[in-house]
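Report on the following structure.
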Amino acid sequence: MPILKVARMGHPVLRQVAGPVPIGSISSDKVQQLIDDMIDTCREYSGAGLAAPQVHVSMRVLIMEIHQNPRYPDAPDLPLTVVVNPQVEHLDPTRQMVWEGCLSVPDLRGQVPRSTGVRLTGLDRHGKPIDITLRGFPAAVVQHECDHLDGKLYVDRMESMESLTFLGEFERYVRPKLVEEVNEN
Ligand code: NI
């Protein structure tokens with residue numbers, strides 16, 4: 001199955017508001033192939049999630065999956081979740097600061113304020129309704145992927161550019177502190 005090329009920051013497709021998928025076309029070969037290719041592409045590049053605009057398709061489709069991810073070794077597992085026409089409801093006003101990266105903004109990490117809990121609704125790849133609640137890092141992932149569908153990147157959400165860090169420096173100077181914090185708690 002083809003690994004798709006990932007659009008990088010600056011490509012106009014990342015700034016478009018993606019269009020909804022007509023319910024009747026979810027089962028089409030085109031949409032099903034897109035979903036399969038997004039899964040392969042996300043796994044190939046060790047993404048925690050991927051939105052269709054990132055593979056140059058301006059449609060409201062996202063996938064998420066976290067399982068022993070080398071780019072996010074501290075993240076909890078999240079089973080493969082495919083959502084068509086997703087909607088996110090913020091469950092509480094509490095914000096968490098999350099270190100995020102993005103396959104469209106390669107080799108960088110930055111801290112982004114995100115809701116600690118969200119309700120995610122939409123349709124799965126068979127057109128069946130999804131209604132799940134996510135907290136912590138997975139909640140941040142879904143907010144990040146839904147932002148892609150509205151033409152937003154995580155860097156737009158950063159309150160300060162001070163935390164913007166290259167991945168190599170993140171591994172060297174930031175992750176050891178995060179691991180310490182986890183061990184202390
Ligand atoms: Ni992203």
Side-chain angles (χ1 to χ4, degrees), residues 9 14-21 23 35 38-39 42 46-54 59-69 71-105 108-125 127-165 167 170 174-185:
M9 181 166 62
L14 294 173
R15 293 306 188 178
Q16 288 170 17
V17 176
V21 181
I23 308 287
I35 290 168
M38 283 174 65
I39 293 168
C42 193
S46 299
L50 191 69
Q54 291 184 273
M59 293 194 332
R60 301 188 83 81
V61 177
L62 66 80
I63 69 159
M64 302 182 292
E65 184 180 43
I66 306 171
H67 180 64
Q68 298 174 351
N69 188 316
R71 288 177 70 244
Y72 299 97
D74 310 315
D77 277 10
L78 175 67
L80 175 65
T81 307
V82 176
V83 195
V84 177
N85 299 338
Q87 287 198 303
V88 158
E89 183 188 333
H90 297 222
L91 292 178
D92 51 58
T94 321
R95 293 280 184 276
Q96 53 181 344
M97 290 303 283
V98 180
W99 282 99
E100 296 189 16
C102 181
L103 298 178
S104 295
V105 189
L108 286 168
R109 289 291 161 91
Q111 279 190 302
V112 187
R114 297 289 189 186
S115 289
T116 52
V118 294
R119 179 183 176 197
L120 169 65
T121 54
L123 300 172
D124 71 9
R125 67 180 302 169
K128 296 212 172 71
I130 286 176
D131 188 342
I132 54 176
T133 299
L134 295 167
R135 298 201 178 273
F137 188 73
V141 173
V142 72
Q143 290 168 78
H144 175 121
E145 301 312 330
C146 282
D147 272 353
H148 276 302
L149 305 180
D150 291 327
K152 281 202 179 302
L153 299 174
Y154 80 85
V155 287
D156 307 341
R157 299 277 191 199
M158 289 175 67
E159 284 172 349
S160 160
M161 285 295 139
E162 257 181 69
S163 69
L164 197 63
T165 303
L167 201 49
F170 177 84
V174 181
R175 193 184 304 285
K177 283 194 207 153
L178 296 180
V179 171
E180 257 171 49
E181 280 167 25
V182 170
N183 289 341
E184 278 164 16
N185 290 338

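Scope of the values below: all heavy atoms of this structure, side chains included, with no hydrogens, waters or symmetry mates.
- Taking 4.5 Å as the limit, some side-chain heavy atom of Arg109 sits within range of a side-chain heavy atom of Arg175.
- Side-chain contact between Asp156 and Arg15: present, with at least one pair of heavy atoms (C-beta onward) separated by less than 4.5 Å.
- Without hydrogens or angle criteria, Glu65 side chain to Ile39 main chain gives no donor-acceptor distance under 3.5 Å.
- Proximity of a side-chain donor or acceptor of Thr94 to a complementary backbone N or O of Thr116 within less than 3.5 Å is not detected.
- For Gln54 (side chain) and Ala51 (main-chain N/O), a donor-acceptor pair under 3.5 Å exists by modelled atom type.
- Proximity of a side-chain donor or acceptor of Asp92 to a complementary backbone N or O of Ser115 within less than 3.5 Å is not detected.
- Listed here is the closest heavy atom pair of Thr121 and Val83: O-CG1, 4.2 Å.
- Remark: the backbone N or O of Ala18 is paired with a side-chain donor or acceptor of Arg60 at under 3.5 angstrom.
- Side-chain contact between Cys102 and His144: present, with at least one pair of heavy atoms (C-beta onward) separated by less than 4.5 Å.
- Panel note: side chain Gln96, backbone Gly136; a donor-acceptor pair is recorded below 3.5 Å.
- Heavy atoms only, all atoms of each residue included: Cys146 and Val88 are closest at SG-CG2, 3.6 Å.
- A donor-acceptor pair under 3.5 Å is formed between the side chain of Arg71 and the backbone N or O of Ser46.
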